[in-house]
Amino acid sequence: FHRAEGLQGSKTALAESDYGQNGPYTIQELPAYTHPLTQEFIQAAQTAGLRWAPDLNTERGAGVGLTPTTQHSDGSKVHAYDAYLAPALGRSNLVVMHGARADRLLIKDHICHGVAFRRLADSTDHVVHARREVILSSGYIYSPRLLFLSGIGAKKDLEAVGLEVVKDLPAVGRNLTAARFSPLAWRTAEPTLSQMMGEPISPAGSKADPKAFGSAVLEATARVRSAAGAHADPKSKRPDIVLSFMPLFYAPKSAPLQYSLQGEEWPLRTNAFSILATLGETKAQGSVTFPSGAPDVSPVVTHEAMTHPEDLARVKEAVEWARRIGGSQAFSQPTEAIENGAGAPDMWTAVYDGRGTCQMGREHHNSVVDHKLRVHGITGLRVVDGSVIPVGSPYLAVPEVLALAERASDLLINHHVTATAAAEAVSVIGIPDTHVTIDRLSDTLGGGFSMMQAVAYLAGTQSESLLQTPRSMPLALAPGSVVGIMGAISAVAAAFVLVTRRERARKAKESSYAALLA
């Protein structure tokens, strides 16, 4: 973890935090933007008995604090692409292929020699050969899919779709674990993010607040150890219930669609905040299965319903915590619970962040890779992504995957590369800084620009169409897509999490921090 992390913040934070400080993946002590309701949520959680945790990464027990954000010091978003791939684009031995779909691994005599892929633009098939190893990093759905299409999986399943059995590994696509959540919401008179984006996203007459475009959306996190968890494992102190706060309405009928939170067309009408009650560890699991041996047929992802008494006990406790905090008198404006069924046992869904489908382990019958990420029984093939993680978590898997990738790089370098060659490999040509900030946009668009004005400006020739209000659109692709989960609040996704200048941001952070401690 420390190799990946690069904490930036005050001297106190740097001295006391457990985050690494020299890694490429930047983490800020405080976010670029915090909504006023977020501070009130933290106060409400404290009133309910949770202690203030200035650093949720360092203080590992129950508590409440601001959700750590991965941002540069100017507030723009940090991605794994920016941290790792972009600086390496100048390498002569790196080729990035766009629109190339990996269809099969080339395996002979249980040795992986390369990958067959299709260029989607012209539907032509190609092959790339590996001199040493193939690294599979396609995520918890498509990593097991590529293994299966290559004859690695449960023997009976491979034979059922007419594929040759290369290696019988029954755990391929099994053991899927994913956090389960239900979004409880409360109406409020305080303007939420849906009212701060400007027209046409927000109602006519609403004033756009460009600073709010930098919201991480899930702005605060509260967590507890459930009584059910404590009873099942008295020795463990690890929190298993997480309450994630967003100053935005999240409709259960939209879950788990990441970019369609409100389930309503523009302008967004429901002004409410949401608490995502989340369980990281459940008895209910799932699977990724493959109805065909053809690459053009999509896999099927199935999550089991939570019916185990232990799961249901956690559900009850998580909802009680959410309602206690969401209905607290600590909120300055009166709140009204939205009764839409959220929190009921059958109103929980899985997040798009699974683990376990290429589970790490020792035995071939119940795992896919060993402790060095090598696929059992196949030479020259490793899986390096969240699919190998064997246990669930209420948090997104990004930190775990980064740590896994750092470990994989060590394994590969130690196995294949001399120390001199490794040092030369990291001396590369970078690419120009392409951060987009609030101030840069303000210079062009003026200080009160709306979210869609920014999107249209960055989209160039599409600007006129983007500024039109969509009148008919399926909920799965509803205009709520612009106000998305986990920092994807803009339609340009990762292109910009907008910010203020560094000095003003620092002062704002200090005052926000002081307010939270008051």
Between [X] and [Y], what is the shortest heavy-atom contact and its length?
| X | Y | result |
| --- | --- | --- |
| A318 | L243 | O-CD2, 3.9 Å |
| R225 | A230 | NE-N, 3.8 Å |
| Q46 | V64 | CG-CG1, 4.1 Å |
| A44 | A330 | CA-CB, 3.6 Å |

Who pairs with [X] by side chain to side chain donor-acceptor pair (under 3.5 Å), at least two apart in sequence or on another chain?
| X | value |
| --- | --- |
| R382 | E133 |
| E320 | K316 |
| D209 | none |
| R314 | D240, E310 |

- Identify whether the distance between the nearest side-chain nitrogen and carboxylate oxygen of E400 and R355 falls below 4.0 Å.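 Salt bridge between E400 and R355, a charged N being under 4.0 Å from a carboxylate O: yes.
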
[atom1] of [X] to [atom2] of [Y]: how many Å apart, nearest 0.5 Å?
| X | Y | atom1 | atom2 | value |
| --- | --- | --- | --- | --- |
| D346 | T307 | CG | OG1 | 12.5 Å |
| C358 | L147 | SG | CG | 5.0 Å |
| N271 | F249 | CG | CZ | 11.0 Å |

- Message: Filter on ring-ring contact (aromatic ring centres under 6.0 Å, His included), then keep only pairs touching residues 299-329, sequence neighbours left out; what's left?
- Response: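 As it turns out, there is no ring-ring contact (aromatic ring centres under 6.0 Å, His included) pair with a partner in residues 299-329 once direct neighbours are skipped.
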
- Any pair with a residue in residues 217-243 that passes ring-ring contact (aromatic ring centres under 6.0 Å, His included), sequence neighbours left out, goes on the list, sorted by first then second residue, please.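 Every pair satisfying ring-ring contact (aromatic ring centres under 6.0 Å, His included) with a residue in residues 217-243: there are none.
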
With distance as the sole test, does [X] use its side chain to make a donor-acceptor pair with the main-chain N or O of [Y] at under 3.5 Å?
| X | Y | answer |
| --- | --- | --- |
| D157 | F290 | no |
| S236 | D233 | no |
| R223 | G61 | yes |
| S202 | S194 | yes |

- Taking only residues two or more places apart in sequence, or in another chain, which ones meet E190 in a salt bridge (charged side-chain N to carboxylate O under 4.0 Å, His left out)?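 With sequence neighbours excluded, E190 shows a salt bridge (charged side-chain N to carboxylate O under 4.0 Å, His left out) to no residue whatsoever.
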
- Exercise: do T289 and S287 side chains pair donor with acceptor under 3.5 Å: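 The answer is no; no qualifying pair exists.
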
- Is a side-chain donor-acceptor pair under 3.5 Å present for T67 with T221?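 Judged by distance alone, the side chains do pair up.
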
- Message: Using 30° and 60° as the class boundaries, would you call the ring planes of F273 and F245 parallel, tilted or perpendicular?
- Response: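 F273 and F245: tilted rings.
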
Which residues satisfy the side chain to side chain contact (heavy atoms under 4.5 Å, CB included) test with [X], sequence neighbours excluded?
| X | answer |
| --- | --- |
| S182 | A342, M347, W348 |
| E281 | R238 |
| T26 | Q8, Q28, H72, V78 |
| E219 | Y33, T34, H35, T38, S215, P247 |

- Message: By the side chain to side chain donor-acceptor pair (under 3.5 Å) test, which pairs, at least two apart or in different chains, include something from residues 137-149?
- Response: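 Matches after skipping sequence neighbours: S143-D385.
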
- Message: Is the distance from the ring center of F449 to that of F213 below 6.0 Å?
- Response: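 Ring-ring flag for F449/F213: true, centres closer than 6.0 Å.
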
- Taking atom CZ of R101 as the centre, report whether more than 12 heavy atoms of other residues, nucleotides or ligands fall under 6.0 Å from it.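 Atom CZ in R101 is packed in, count exceeds 12.
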
